[in-house]
Each structure stands twice: as structure tokens, then as C-alpha cells.
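Below: the structure, in C-alpha cells.
Predicted, not measured: the structure shown is a model, and the values here were computed from it. We name chains A, B, ... by the order of the sequence lines, and we start the count at 1 in each one.
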Amino acid sequence: MYKWRGGMLSWILHRLSGVGLVIFIIIHIEGMYSIAKGPKEFNQVIAMYNTPLFKVLEIFLFAAIMFHAVNGLRVILLDFASGSRYPKPLLWATYIVTGIVFLAGAYFLWT
Amino acid sequence: MQVTFKIQRYNPETDSQPHWEDYQLDVEPKDRILDALLDIKRTIDGTLTFRYSCAHGVCGSDAMMINGINRLACQTLVQDLKADTIKVAPIKGMDVLKDLVTDFDPFFEHLEEVKPYLINDELPPSRERHQSIEERERFDDTTKCIMCGICTTACPSFWTNGEYIGPAAFVNAHRFIFDSRDEGAQERLEVLNDKDGVWRCHTIFNCTDACPREINVTQAIAELKNAITFT
């Protein structure tokens, strides 16, 4: 087994969050479709979205979006802006920026 | 100091699967892993098989996975590992021929694909082809490659797809593409732009972390991606 380093971890998280976002889009499209069916279905879907389970899922979704977006910017910098000369600072910056934005956003989502 | 060496063994004539064997050895902290392997071969088990040639980090023959990271056995000291159990396995992604010896043929085939030699149809001037210090500096980092295969076999993209041309070949392509005396950049970039070319690099940095010559492989690949995109 090859030892995990920072770059490998963020690559795996990028892939996992990407797959997670695809699954979200499917659920989201299904939700939008159901809402359009009529007032009864609309209320049902909104009630489901307000359950604690969906709140938690929403926070996970936000984490996945933030990491995928910030890490995506990091990869662009690595590939096209000489970022590969500074891999460690960029990796730390990715985790710190993701962490700060996530915590701030998660607070608003939860309250 | 007493160290346990866990070594992955495989004899194609008797084994169907590789297995691990333990060897207890008394070593000095400043011994190299290569010294320890030679010691095991001389005093415990003469059938232990591995490659080495210069034993000084120049030929690149003794690349192996030591405690989970690709390294040259001749450049790794026991004290560097800070462990009393040292696991030695063949580098990943290549067929194992015996014990720690892997099949490098596909590796060198990928290397040939990128034409790692000077391409210039013009006759050379009466003396050498001139190059400024700045022009030489442009590809200095990638001239250091010893083709040990450590970068390519540290790369998850290569583990999952043996057709991937791989970081070592990219490094050697970089060495000629950015050489002012060379005129083969375009044909090499076409090879690198293939589906098994540079775009399978996901900037994981295993190659750069492991390179025993400290080449910034990921940066070299990024420069190739830029060359393909913007020229």
C-alpha cells in the first residue's frame, strides 16, 4: 500500500465530492420535477426538505461544493499558473479557505 | 540496532501469489537499505532477488517501495525511516518478474514514444550548436532524470492504467521540447496530447515527492500542458 500524502488525499476528496455532486443533481432534478406537479406535492417536498436529515445532508452538500470549488481552483493554478512550484502552501490555502467558508456557511444553514 | 525487514517475495516458478517474509538483521543506523538487502542475500537467503548497479544513486536500478514510499535502496538510510520494521516491496504498476525485480519493458516503450533524443534535421555548424545560459536553464531541472521509474510507479493514474505514458516519459519529453536546439516539439506534443498523455495527470504530486533527483515533475508536466494549450 502506498503511503498517502496531501496531494493524494485532496485528489480522492475531489473525486468523491464530484460523485456526490452528481448524485445531488439527480435528487435535485427529481425534487424540482415533483414540485411542479401541484400544490400538494409542493408542500410534501418542502416538508421533506425541512426535516433534520435534509439539514444535515444540506451541510454535507455545502462542504462538498466548497471543497470541490476551491480545490478546482487550486488544480487550475497548479496546471496553468506555475502553482506546481508551491504545492504545499496551495494545499494548505485550499483547506483553510474551504474550512472558513464552510464553517461560516454551515452556521447560517443550521440556524 | 535490530531491525525486522519484511520483504515481499515472489518466485514465478513456485509461487502463485507474492507473499511476505521476515528477516531479523543487525544494522547500523547509517546503513543503506541496499546494504541490508545485500546482507540478507549473503548471510540469510541467497535467493533474494533485486536489481542494483552503481549503488550510488546514479544508475536508478534499485527503485523499490520502502515503507510505503518509492525510494532508491542505495539512497535510503535505515535511520531515515525511523522504524524498527522496514517493509520492502517492488514498485507498483509493473509486472513483478521475481521478488523485487519488475518488468521495465513497457516503461521504456512509453519513454520511446516521446522521442527522448535531439530532433534537428539541419546539419550542425562546424563547431557545437550554441545555446545561451538562459536557454540551457529552461530545461535544467528535467536533465537530472535517471529513469529509475520511481515517479511513474508512484502515480495512481499509472497504477490504474498501464497505457498512461507516465511522468518519467513526460520529464524526458520536457527535456527536449524546451531545448532551443531541438525542433521536434510539435510531434512530441501531439503524442502527449493523446488520451493516455499529460491530461491523465491529476496533480497528485506523488511523483514530485518521491523523485530521488528532486525534479519538480508536476511542474514539468504543467509546462507541457501549457505548451499544448497555448502553442
Side-chain angles (χ1 to χ4, degrees), chain A residues 1-26 60-102 105, chain B residues 6 8 20 63-71 81-83 86-87 89-93 141-142 150-160 167 170-171 174 198-211 214-230:
Chain A
M1 183 69 189
Y2 204 86
K3 204 167 256 181
W4 283 31
R5 302 279 187 98
M8 203 141 122
L9 180 69
S10 56
W11 167 65
I12 289 169
L13 287 176
H14 197 80
R15 293 244 151 157
L16 286 178
S17 56
V19 171
L21 291 176
V22 169
I23 294 170
F24 158 72
I25 284 178
I26 295 167
F60 271 105
L61 170 69
F62 184 57
I65 290 172
M66 279 325 299
F67 180 78
H68 204 83
V70 178
N71 195 54
L73 289 174
R74 171 181 153 264
V75 172
I76 291 170
L77 291 177
L78 291 176
D79 275 345
F80 295 111
S82 292
S84 297
R85 293 189 196 280
Y86 318 99
K88 288 214 169 95
L90 274 175
L91 198 63
W92 279 111
T94 302
Y95 289 132
I96 291 168
V97 170
T98 306
I100 292 172
V101 180
F102 168 71
Chain B
K6 275 179 102 66
Q8 188 179 311
W20 293 90
M64 42 192 87
M65 191 160 74
I66 302 167
N67 277 7
I69 291 172
N70 285 358
R71 316 174 207 240
L81 300 169
K82 299 179 182 71
I86 295 173
K87 282 178 89 170
I91 43 180
K92 281 164 74 77
D141 200 30
T142 45
I150 274 183
C151 54
T152 296
T153 55
C155 175
S157 296
F158 179 74
W159 300 336
T160 52
F170 298 152
V171 163
H174 180 283
V198 287
W199 304 110
R200 283 197 190 277
C201 165
H202 302 300
T203 58
I204 297 167
F205 282 94
N206 277 6
C207 53
T208 307
D209 285 343
C211 177
E214 294 176 353
I215 300 170
N216 191 336
V217 182
T218 315
Q219 174 62 24
I221 299 173
E223 287 170 15
L224 294 170
K225 288 172 177 170
N226 274 282
I228 291 169
T229 312
F230 299 113

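Taking CG of A:Leu21 as the reference point, atom CD1 of A:Ile65 lies at 5.5 Å (rounded to 0.5 Å).
When heavy atoms are compared at a cutoff of 4.5 Å, A:Ser10 does not approach chain B at all. Using a 4.5 Å cut-off between heavy atoms, A:Arg5 touches chain B through its side chain atoms alone. Of the two parts of A:Met8, the backbone and the side chain both hold a non-hydrogen atom closer than 4.5 Å to a non-hydrogen atom of chain B. Interface remark: B:Ala154 contributes backbone and side-chain atoms alike to the contact with chain A (heavy atom separation under 4.5 Å).
Counting heavy-atom pairs closer than 4.5 Å to chain B, the top-ranked of the candidates A:Pro87, A:Ala81, A:Ser84 is A:Ser84. Among B:Asn216, B:Asn206, B:Val198, B:Ile221, the residue with the largest count of heavy-atom pairs under 4.5 Å with chain A is B:Asn206. Counting heavy-atom pairs closer than 4.5 Å to chain A, the top residue among B:Gly68, B:Ala222, B:Ala220 is B:Gly68.
B:Trp199 pairs by the side-chain hydrogen bond (donor to acceptor under 3.5 Å, both in side chains) definition with B:Asn193, not counting sequence neighbours. Residues passing the side-chain hydrogen bond (donor to acceptor under 3.5 Å, both in side chains) test with B:Thr208, sequence neighbours excluded: B:Thr218.
Smallest separation of non-hydrogen atoms from A:Leu90 and A:Gly83: CD1-O, 3.4 Å. Contact record, A:Phe67 with A:Ser17: CD2-OG, 4.1 Å, taken as the closest heavy-atom pair.
For CH2 of A:Trp92, the number of neighbouring non-hydrogen atoms (other residues, nucleotides, ligands) closer than 6.0 Å is 12 at most.
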